[in-house]
K.L.:
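This is the structure, below, for whatever I ask next.
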Amino acid sequence: MSALLQVRGLSHHYGQRIGCQDVSFDLHPGELLCIVGESGSGKSTLLKTAAAQLAPSSGSVRYHQRDGDWLDLEELSEANRRRLAREEWGFVTQNPRDGLRLNVSAGANVAERLMAMGMRNYGQLRDIAKGWLERVEIDPARIDDAPTAFSGGMQQRLQIARTLVTQPRLVFMDEPTAGLDVSVQARILDLLRRLVNELGLAAVMVTHDLAVARLLAARTMVMQGGRVVETGLTDQILDDPQHPYTQLLVSSVLTT
Amino acid sequence: MTSNYNFAFLDENTKRMLRRALLKAVAIPGYQVPFGSREMPLPYGWGTGGIQLTAALLGPDDVLKVIDQGADDTTNAVNIRRFFARVAGVTTTERTTEASVIQTRHRIPETPLREDQILVFQVPEPEPLRTLEPREAETRTLHALADYGLMHVKLYEDIAQYGHIATSYDYPVLVDGRFLTSPSPIPKFDNPKLDHSPALMLFGAGREKRLYAIPPYTKVESLAFDDHPFEIQRWEHQCELCGSDESYLDEVVVDDRGSRMFVCSDTDYCGQRRGEQAA
């Protein structure tokens, strides 16, 4: 099976400082890849660079389109980049307030990407929005409520609905469960696992929580200081860490 | 005419700059052209954009009409008309049919316009996406990419909250199938008059330093949803002065006990009709 996303030698520098350095990986359709590491290890920078939100300092990202052609993201025009980001990709931010439009209702948030794609039937938009609210376990009766009236966990679920409504093939997630309490976190992870399986999504997820990686991801990459120090099957990495930093990371997980 | 001013107040270089910008605006219907807006002897929000456009357009033979919310006799209209009578010495009129240039605030005259007339709009906010997207760089990118899904988010919100598209003025239009444009705060009642209008329509926003145009016979489409089509306002009343049942009506409170009457907002149209009825 050929890859969906091919990242080769990707670096992003903030001036003299390293964001991420020389990262390569392949992402296959239907696969969920976790990037773990401590704060400041370059996880989010890598995610944003791979998602073409930041321009790479060097290296390349290629995306395998539905029609079978490979797309080099650096050569992509702004119009096509936006179309891709809207129709085939999704991006879930850590803080749902960054990913949502807070001054319009939940329904409008879910339907926005569809309207941007040209859907012009109010009744249809509303039905789809209701369906998606239900799928992310938000009461469809709250479709006209403002996102600010929602709890943090509901906002995050709303953001997931808003992102997945166009049935993207690839979703980037930047610590989607950080900052939520443990029970809400568990529900969202459960939801994500179900949706990823149902829709056959490929996803790259950044997290600092090894439990999340173990629950969701088949493969995990460990980052430190902007570089990937270890990569492999999640179970293998967590049960038999090779790199000293990974060993430290695994041993520092609290067991109850 | 006061001889201490250059003809029509602005100096010739400024008028030339404005005309160049206007030509560009006409060449790209609905596109907002930046221009070097000047200080005018009236405050921003009172029509500085419109007044600069009018100054650039006027010639000695032009006949100027100025309306404010359809009326010829309100402060804004009277002052701008007097201003141009003083600094340009042009003939002014209240008759729509006699005017060659009509500067307007928030209405299009009821009397159909002709090919030899120019309508100049005073625009407070030229960017229709501004309330949804505050970043100028971003709205420009959205225009460049014709990425207008955002506007429908606003219309969606209207229907979700009020059951119908409640936007009643400054109703967004798509000009020539390309640029999303603010028609200035005219009531949506006037939107159909923009479509394939024989008269040239020019829009000036002085504070925002933008002007744009809808050339004659250009397709102007009011945005809507398939199942919630565009509709204009309707009244159960007729004008109490001239009896018109097809013009845009103002509701006027006439005493302290809350009595009210409905009259045409277009004073010239109403006056002409009453004149014909008396004759």
Side-chain angles (χ1 to χ4, degrees), chain A residues 52-53 76-87 90 97-130 132-133 138-149 158-159 161-163 165-166, chain B residues 28 31 125 127-168 170-175 177-180 188 191 219-231:
Chain A
Q53 292 190 355
L76 210 58
S77 69
E78 174 74 6
N80 282 331
R81 193 189 66 73
R82 284 181 179 235
R83 188 195 55 75
L84 196 69
R86 185 167 66 218
E87 291 171 20
R97 284 159 185 266
D98 295 337
L100 290 172
R101 203 172 279 285
L102 291 175
N103 50 358
V104 298
S105 67
N109 267 292
V110 177
E112 180 179 344
R113 277 163 66 117
L114 295 172
M115 289 189 259
M117 286 169 67
M119 198 181 278
R120 293 285 179 266
N121 187 306
Y122 177 78
Q124 255 174 32
L125 287 166
R126 208 150 163 91
D127 289 345
I128 296 175
K130 275 186 183 154
W132 268 98
L133 289 180
I138 295 175
D139 182 0
R142 299 199 63 179
I143 185 168
D144 293 332
D145 289 0
T148 42
L158 183 62
Q159 193 192 185
R162 169 187 161 89
T163 307
V165 68
T166 48
Chain B
I28 319 172
Y31 172 73
E125 175 52 71
E127 179 51 70
L129 296 165
R130 182 62 71 234
T131 49
L132 301 150
E133 176 52 68
R135 291 167 295 179
E136 172 69 15
E138 181 66 12
T139 51
R140 281 205 219 184
T141 309
L142 293 176
H143 280 296
L145 302 175
D147 188 353
Y148 295 140
L150 203 51
M151 202 70 240
H152 275 85
V153 173
K154 180 167 185 280
L155 301 181
Y156 172 98
E157 274 299 282
D158 264 11
I159 304 175
Q161 282 184 32
Y162 306 106
H164 62 278
I165 298 179
T167 304
S168 61
D170 207 351
Y171 192 102
V173 294
L174 197 65
V175 174
R178 175 60 182 85
F179 280 101
L180 181 70
K188 65 178 170 184
N191 271 23
K219 186 176 148 202
V220 179
E221 185 188 349
S222 303
L223 298 186
F225 284 104
D226 297 343
D227 45 353
H228 284 263
F230 173 76
E231 279 175 357

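Excluded from the calculations below are hydrogen atoms, water molecules and symmetry mates; all remaining heavy atoms, backbone and side chain alike, are included. Chain letters run A, B, ... following the sequence lines, proteins first, then strands; residues in each count from 1.
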K.L.:
Under 30°, 30 to 60°, or over 60°: which ring-plane class applies to Tyr156(B) and Tyr122(A), parallel, tilted or perpendicular?
P.N.:
tilted
K.L.:
Identify which part of His228(B) has an atom lying under 4.5 Å from any heavy atom of chain A, answering side chain, backbone, both or neither.
P.N.:
side chain
K.L.:
May I ask you to decide whether Arg140(B) forms a salt bridge with Glu78(A), counting only side-chain N to carboxylate O separations under 4.0 Å?
P.N.:
no
K.L.:
Rounded to the nearest 0.5 Å, what's the gap from CG on Asp227(B) to CG on Asn121(A)? Could you check?
P.N.:
4.0 Å
K.L.:
I'd like to check Asp144(A) versus Glu157(B) (side-chain heavy atoms, cut-off strictly below 4.5 Å). Are they in contact?
P.N.:
no
K.L.:
Just so I understand: if I count every heavy-atom pair under 4.5 Å between each of Gln124(A), Glu112(A), Arg83(A), Met119(A) and chain B, which residue has the most?
P.N.:
Glu112(A)
K.L.:
Taking side chain as everything from C-beta outward and backbone as N, CA, C, O, which of these in Ile159(B) sits under 4.5 Å from a heavy atom of chain A? Side chain, backbone, both or neither.
P.N.:
both
K.L.:
When you compare the side chain of Asp147(B) with that of Arg86(A), does any pair of heavy atoms fall below 4.5 Å?
P.N.:
yes
K.L.:
Step by step, would you call His152(B) with Leu114(A) a side chain to side chain contact (heavy atoms under 4.5 Å, CB included)?
P.N.:
CA-CA 10 Å; His152(B) 275 85; Leu114(A) 295 172; over 6 Å; no
K.L.:
Specify which of Ala160(B), Ala146(B), Ala224(B) makes the most heavy-atom pairs with chain A at under 4.5 Å.
P.N.:
Ala160(B)
K.L.:
Relative to chain A, which segment of Leu142(B) carries a heavy atom at a distance below 4.5 Å: side chain, backbone, both, or neither?
P.N.:
side chain
K.L.:
Could you tell me which of Gly118(A), Ser105(A), Ala79(A) has the largest number of non-hydrogen atom pairs under 4.5 Å with chain B?
P.N.:
Ser105(A)
K.L.:
Tell me if the CD atom of Gln53(A) is crowded by more than 12 foreign heavy atoms within 6.0 Å.
P.N.:
yes
K.L.:
Rounded at 0.5 Å granularity, tell me how far CZ in Arg101(A) sits from CG in Leu150(B).
P.N.:
4.5 Å
K.L.:
In terms of heavy-atom pairs under 4.5 Å with chain B, which of Ala116(A), Ser77(A), Gly123(A), Gly107(A) leads?
P.N.:
Gly107(A)
